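Some notes on the structure that comes next.
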Amino acid sequence: MKLIQLDLQFFSGEKTEKATPKKRQDSRKKGQVSKSQDVNTAIVLLAVFMLFTAIGPFMRDSILGIFTESFQEPMLTELTEENVQTIFLEMLRKTAIILAPIMAVALIAGVAANIMQTGFLFSTEAIQFKLEKIDPIKGFKRIFSMRAIVELLKSILKISIVGLVTFLVIWQRMEEIMTLSQKNAAAAMAILADITVKVGLYASAALLFLSLLDYMYQKYDFEKSIRMSKQDIKDEYKNIEGDPLIKSKIKQKQREMAMQRMMQEVPKADVVITNPTHYAIALKYDDQKFDAPYVIAKGVDFVAQKIKYVAKENDIVMMENRPLARALYDQSEIGQAIPEEFFKAVAEVLAFVYKTKGKI
């Protein structure tokens with residue numbers, strides 16, 4: 001028996017269950033989400049090289065303009081403390097004009113790649129300083145872990161495929177490359193620029209394909225890392241809903257307190273209508289509170305016997321009326337006036353009670 005219990009405890013501790021929504025939310029707050037950094041890199045590179053194809057002529061003319069001005073006008077100008085700063089700022093401004101579109105596209109692509117993977121997420125948990133991050137033993141384990149081996153294999157695969165794609169693109173243009181020495185500088189630069197952009201586009205596309213595979217792996221690895229055991233789910237439920245045993249005790253205590261308050265109201269009743277053994281309904285008429293008699297206590301079986309006992313102790317009239325008692329129990333609530341269809345029957349009962357007590 002002990003062996004079976006130990007086996008059950010062992011299996012209940014295995015993380016075989018999918019993460020609950022709360023577990024996912026807690027992980028997200030800590031910055032733990034499924035994300036591939038390769039997707040960001042591939043999208044940024046692809047966006048930048050696509051930008052080169054769009055604004056290549058503008059960049060060429062701008063760069064040539066900077067070279068022209070750098071080698072012509074400043075060389076004919078006498079450099080002084082006053083004009084050095086002006087020349088430097090002018091060159092810096094023109095360089096910024098060239099680089100600004102590239103930086104902007106890279107920034108937008110990087111942000112978009114992150115949002116596509118994780119949505120809008122901001123968490124300072126991942127950048128908080130923790131001593132365990134500089135623990136040499138844990139660092140050694142991370143270096144030689146299975147995850148590190150997988151990352152190494154991924155890196156080798158990326159280098160191999162991207163290198164192969166780059167080689168194929170260059171090999172197709174090998175004839176043009178071999179004849180560059182026979183062309184003028186402008187034509188040679190144009191060919192080299194075109195080859196560079198083509199290599200960048202094809203390599204980025206290949207890297208994007210690999211990054212999608214990596215994203216699927218990262219998602220699988222993340223789902224595996226946040227799995228929960230059956231005991232974890234039970235503990236989480238207890239933390240959210242409270243311990244079922246404690247909740248049942250609280251509800252029991254609440255019922256006892258409600259019962260006690262109800263019994264304290266029974267002595268104020270005008271009449272108790274009974275089944276006679278299973279149901280008991282205590283009624284009172286107070287024209288300052290309701291226009292009709294209202295229920296101050298009701299119960300079935302044990303509670304009904306308790307109501308009858310308290311009523312007897314306080315000389316409350318008890319009337320046996322089986323159908324009326326059952327109907328009132330089913331269709332009326334404590335503290336509420338009785339339904340209109342029972343007015344006549346209850347009025348006859350109260351008239352008899354008041355006559356018996358000499359109130360009418």
Side-chain angles (χ1 to χ4, degrees), residues 31-64 66-67 94-122 126 147-180 183 185-223:
Q32 299 173 356
V33 291
S34 58
K35 175 185 173 183
S36 172
Q37 194 60 42
D38 291 344
V39 172
N40 295 9
T41 304
I43 291 178
V44 169
L45 284 176
L46 190 60
V48 169
F49 279 105
M50 289 178 67
L51 177 68
F52 287 158
T53 62
I55 65 171
F58 163 76
M59 293 181 65
R60 179 197 62 201
D61 295 340
S62 299
I63 293 172
L64 288 176
I66 291 176
F67 279 113
K94 292 181 178 180
T95 304
I97 292 174
I98 298 172
L99 296 178
I102 301 173
M103 303 298 290
V105 167
L107 177 63
I108 294 171
V111 173
N114 274 293
I115 292 175
M116 283 190 295
Q117 293 186 80
T118 64
F120 290 96
L121 174 64
F122 178 77
R147 184 177 182 84
I149 296 173
V150 172
E151 292 296 326
L152 175 62
L153 295 175
K154 281 165 45 184
S155 299
I156 294 173
L157 180 64
K158 285 186 290 185
I159 293 171
S160 301
I161 293 180
V162 173
L164 178 62
V165 170
T166 302
F167 171 78
L168 292 175
V169 174
I170 295 175
W171 183 258
Q172 289 179 348
R173 307 287 292 272
M174 187 57 67
E175 291 184 4
E176 294 180 75
I177 295 174
M178 297 300 293
T179 60
L180 286 178
K183 300 181 182 296
M189 292 295 292
I191 293 173
L192 287 175
D194 183 61
I195 293 174
T196 302
V197 172
K198 290 289 175 58
V199 168
L201 286 173
Y202 282 101
S204 300
L207 185 60
L208 181 60
F209 172 74
L210 293 174
S211 68
L212 294 177
L213 299 179
D214 180 60
Y215 175 75
M216 289 188 287
Y217 167 75
Q218 296 292 346
K219 189 174 182 63
Y220 163 78
D221 189 60
F222 173 72
E223 291 292 334

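In this text, all values refer to a predicted model and were calculated from it rather than measured experimentally.
- Partners of Lys183 under the salt bridge (Lys or Arg N to Asp or Glu O under 4.0 Å) rule, at least two apart in sequence or in another chain, do not exist in this structure.
- By the neighbour-count criterion of 12 heavy atoms within 6.0 Å, atom NZ of Lys154 is densely surrounded, having more than that number from other residues, nucleotides or ligands.
- Crowding of Tyr202 atom OH: a count of heavy atoms from other residues, nucleotides or ligands under 6.0 Å not exceeding 12.
- Atom CG in Leu107 sits 13.5 Å away from atom CD1 in Ile102 (nearest 0.5 Å).
- For the atom pair Thr196 OG1 and Leu201 CG, the distance stands at 11.0 Å (nearest 0.5 Å).
- In terms of heavy-atom proximity, Glu151 sits nearest to Gln218 at OE2-NE2, 3.6 Å.
- Shown here is Met178, whose CE atom has no more than 12 heavy atoms of other residues, nucleotides or ligands within 6.0 Å.
- If you run side-chain contact (heavy atoms from CB on, under 4.5 Å) between Thr41 and each of Val44, Leu45, Val39, only Leu45 comes through.
- The line from CD1 of Ile98 to CG of Asp61 is 10.0 Å long, rounded to the nearest 0.5 Å.
- One finds the CD atom of Glu175 at 10.5 Å from the CD1 atom of Ile177 (value rounded to the nearest 0.5 Å).
- Identified under the ring-ring contact (aromatic ring centres under 6.0 Å, His included) test for residues 155-179, with sequence neighbours left out: Phe167-Trp171.
- Sorted by first and then second residue, the salt bridge (Lys or Arg N to Asp or Glu O under 4.0 Å) pairs with a member in residues 156-165 read Asp38-Lys158; sequence neighbours excluded.
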Given side-chain contact (heavy atoms from CB on, under 4.5 Å), test Asp194 with Glu176 step by step and report yes or no.
-> CA-CA 11 Å; Asp194 183 61; Glu176 294 180 75; 5.9 Å; no

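- Side-chain contact between Asn40 and Lys35: present, with at least one pair of heavy atoms (C-beta onward) separated by less than 4.5 Å.
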Side-chain donor-acceptor contacts of residues 203-211 below 3.5 Å, not counting sequence neighbours, with atom names and distances?
from	atom 1	to	atom 2	distance (Å)
Ser204	OG	Gly200	O	2.6
Ser211	OG	Leu207	O	3.3
Ser211	OG	Leu208	O	2.6

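- A 4.5 Å side-chain heavy-atom check between Gln172 and Lys198 finds every atom pair outside the cut-off.
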Would you mind writing out the side-chain donor-acceptor pairs for residues 46-58 within the sub-3.5 Å range, not counting sequence neighbours?
from	atom 1	to	atom 2	distance (Å)
Thr53	OG1	Met50	O	2.4

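- Residue Ser36 holds its OG atom at 10.5 Å from CE of Met216, rounded to the nearest 0.5 Å.
- How far CG of Asn114 is from CD of Gln37: 7.0 Å, rounded to the nearest 0.5 Å.
- Atom CE of Met116 sits in a crowded spot, with more than 12 heavy atoms from other residues, nucleotides or ligands closer than 6.0 Å.
- Residue pairs meeting the salt bridge (Lys or Arg N to Asp or Glu O under 4.0 Å) criterion with at least one member in residues 42-51: none, sequence neighbours excluded.
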